[in-house]
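Heads up, the thing below is written out as structure tokens.
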Number of protein chains: 2
Amino acid sequence: MALRHAVLAALLGGELSGYQLAKSFDLGVANFWHAQPQQLYAELTRLERDGLVSGREVVQEGRPNKRVFLVTAEGLAEVERFTAASAKPSFVRDDLLVKVQGADHVDTGPLIAQLTERADFAQGKIELFEELLERMRGSRTEEEFLRDGEPVGPYLTCLRGLAFERGNRDWCRTAVTVLRERAGARGGR
Amino acid sequence: MALRHAVLAALLGGELSGYQLAKSFDLGVANFWHAQPQQLYAELTRLERDGLVSGREVVQEGRPNKRVFLVTAEGLAEVERFTAASAKPSFVRDDLLVKVQGADHVDTGPLIAQLTERADFAQGKIELFEELLERMRGSRTEEEFLRDGEPVGPYLTCLRGLAFERGNRDWCRTAVTVLRERAGARGGR
DNA sequence: GTCTGCTACTCATGGAGATGACTAGTCAGA
DNA sequence: TCTGACTAGTCATCTCCATGAGTAGCAGAC
């Protein structure tokens, strides 16, 4: 159950509503985890039931009221416990990789299209992450921020996301080049 | 259901038994997907039931007999279909990232230990991937192999795995450095 | 001579995450 | 004035994936 801890970790940064939470877990950002709104609402309900977060109603004008949640002392203890527990290694897991694995045996046309699309998507996320990092560190350099800026946690996970997407983009591009040239060579044979 | 297609993609490289398959999907290699032996056996059963792979008994001396599977024509068609279908973007999803996200609010000692462990694990996989790539390309250079070596699919996925693990290792190391220095600064205050 | 480890596989159950379908009010623009 | 987009959230279901436990024969080590 890492989703639960991901939600807790996100709320450590300050009070958020389910909707705001969903914004950061859904498209684009997804710094360190990814989830659909429904999952988050469900998880928040469970977390509140278990006393790890507490919610309060915020009355708004001109838009629906919302419930914002913050981590309780028990919640923090749970984060502490989770952080200390040993983590299982993470694995790459990607439909696209499965498809590329079989590239020798299928028509590579649609595959190249998907790789291109993915490269563009990754590029978009790269820009997003770069902006986010800039915003977080403000006028400081990265080195300065890492020395004593706050919060470092989100900054570090953002850095990982950035590196991951750069890896994605670069790999997709080389895969496209390779597959294109091979298709060309076969076609011109 | 990407597991199913991952199995198919793996079998495109040639006949394999469930056990052999499990070897490559389990620890270490896990080129492009990861799964437990039980999942693979179950999936193979389903694939055979659906006519996407066909199995045959191989009698062995001095060790248990085994069943080896190969992809049928329908199986290949299914791979083709799957490859052409649009893929959903993949997301980073890692317990460790969740833990780092909350790094500002917890004791970083155990976290640093886990990051170090992960860096070592990644290093091990890097070496494994490098060997694998060398073995695949034989005497050719990477450029040569990518131009017309076979199979490219597995080579490309292996490259992605390598890059991913390098990213993991490097990120873990910087995270360790950052968290250590901060802990030191706080302690000596 | 027994113990550990490897090949080779099966069964059963749990739990997390994914998905589709819906409600309902507000606001900006065609 | 109607449409689409945004805020804010709920309910129900499902499928995949994860995990533990177990079997059984053979080989080599100590």
### Task
Using a 4.0 Å heavy-atom cut-off across all strands, classify Ala35(B) as base, sugar-phosphate, or nothing.
nothing
### Audit row: Arg166(A), Phe129(A), side-chain contact (heavy atoms from CB on, under 4.5 Å) steps and yes/no
CA-CA 11 Å; Arg166(A) 281 191 178 143; Phe129(A) 282 135; over 6 Å; no
### Message
Set out, in order, the CA-CA distance, both residues' side-chain angles and the distance that settles side-chain contact (heavy atoms from CB on, under 4.5 Å) for Leu21(A) and Tyr41(A), then state yes or no.
### Response
CA-CA 9 Å; Leu21(A) 207 55; Tyr41(A) 284 115; over 6 Å; no
### Query
For the atom pair CZ (Phe121(B)) and CZ (Arg169(B)), what is the distance rounded to the nearest 0.5 Å?
14.0 Å
### Query
Of the residues in residues 36-44 of chain A, which ones touch DNA chain C at a heavy-atom distance under 4.0 Å?
Gln36(A), Gln38(A), Gln39(A)
### Message
Between P on dT23(D) and OH on Tyr19(B), what's the gap in Å once rounded to a whole number?
### Response
18 Å
### Task
Specify the separation, in whole Å, of atom CZ of Arg46(B) and atom C1' of dC16(D).
8 Å
### Task
Check the distance between dA8(D)'s C1' and Leu16(A)'s CG and give it to me in whole angstrom.
14 Å
### Task
Please report, rounded to the nearest Å, how far the C1' atom of dG17(C) is from the CG atom of Leu3(B).
16 Å
### Task
Could you tell me if the ring centre of Phe32(A) sits under 6.0 Å from that of Phe25(A)?
yes
### Query
How far does CD of Glu165(B) sit from CD of Glu127(B), to the nearest 0.5 angstrom?
11.5 Å
### Message
Could you go through Leu70(A) and Leu11(A), starting from their C-alpha distance and side-chain angles, then the distance that decides it, and tell me whether this counts as side-chain contact (heavy atoms from CB on, under 4.5 Å)?
### Response
CA-CA 6 Å; Leu70(A) 86 167; Leu11(A) 289 176; 6.0 Å; no
### Query
So does Ser17(A) get a side-chain nitrogen or oxygen closer than 4.0 Å to the phosphate oxygens (OP1/OP2) of dT7(D)?
no
### Query
Would you call Glu78(B) and Arg4(B) a salt bridge, using N to O less than 4.0 angstrom?
no
### Query
Atom CG of Leu3(B) and atom CZ of Arg46(B): how far apart are they, to the nearest 0.5 Å?
7.5 Å
### Query
Can you pull the side chain to side chain donor-acceptor pair (under 3.5 Å) pairs that have at least one residue in residues 106-116 of chain A, sequence neighbours excluded?
Lys99(A)-Gln114(A)
### Query
Tell me: CE of Met1(B) to P of dC14(D), nearest whole Å?
15 Å
### Message
Heavy atoms within less than 4.0 Å of DNA chain D: which residues of residues 53-70 of chain A have one? Give them sorted by number.
### Response
Gln60(A), Arg63(A), Pro64(A), Asn65(A), Lys66(A), Arg67(A)
### Query
Touch check for Arg93(B), heavy atoms < 4.0 angstrom, all strands: base, sugar-phosphate only, or nothing?
sugar-phosphate
### Below 4.0 Å: OP1/OP2 of dT7(C) and any side-chain N or O of Lys23(B)
yes
#### Entry: Interatomic distance where CG belongs to Leu47(A) and P belongs to dA16(C) [whole Å]
12 Å
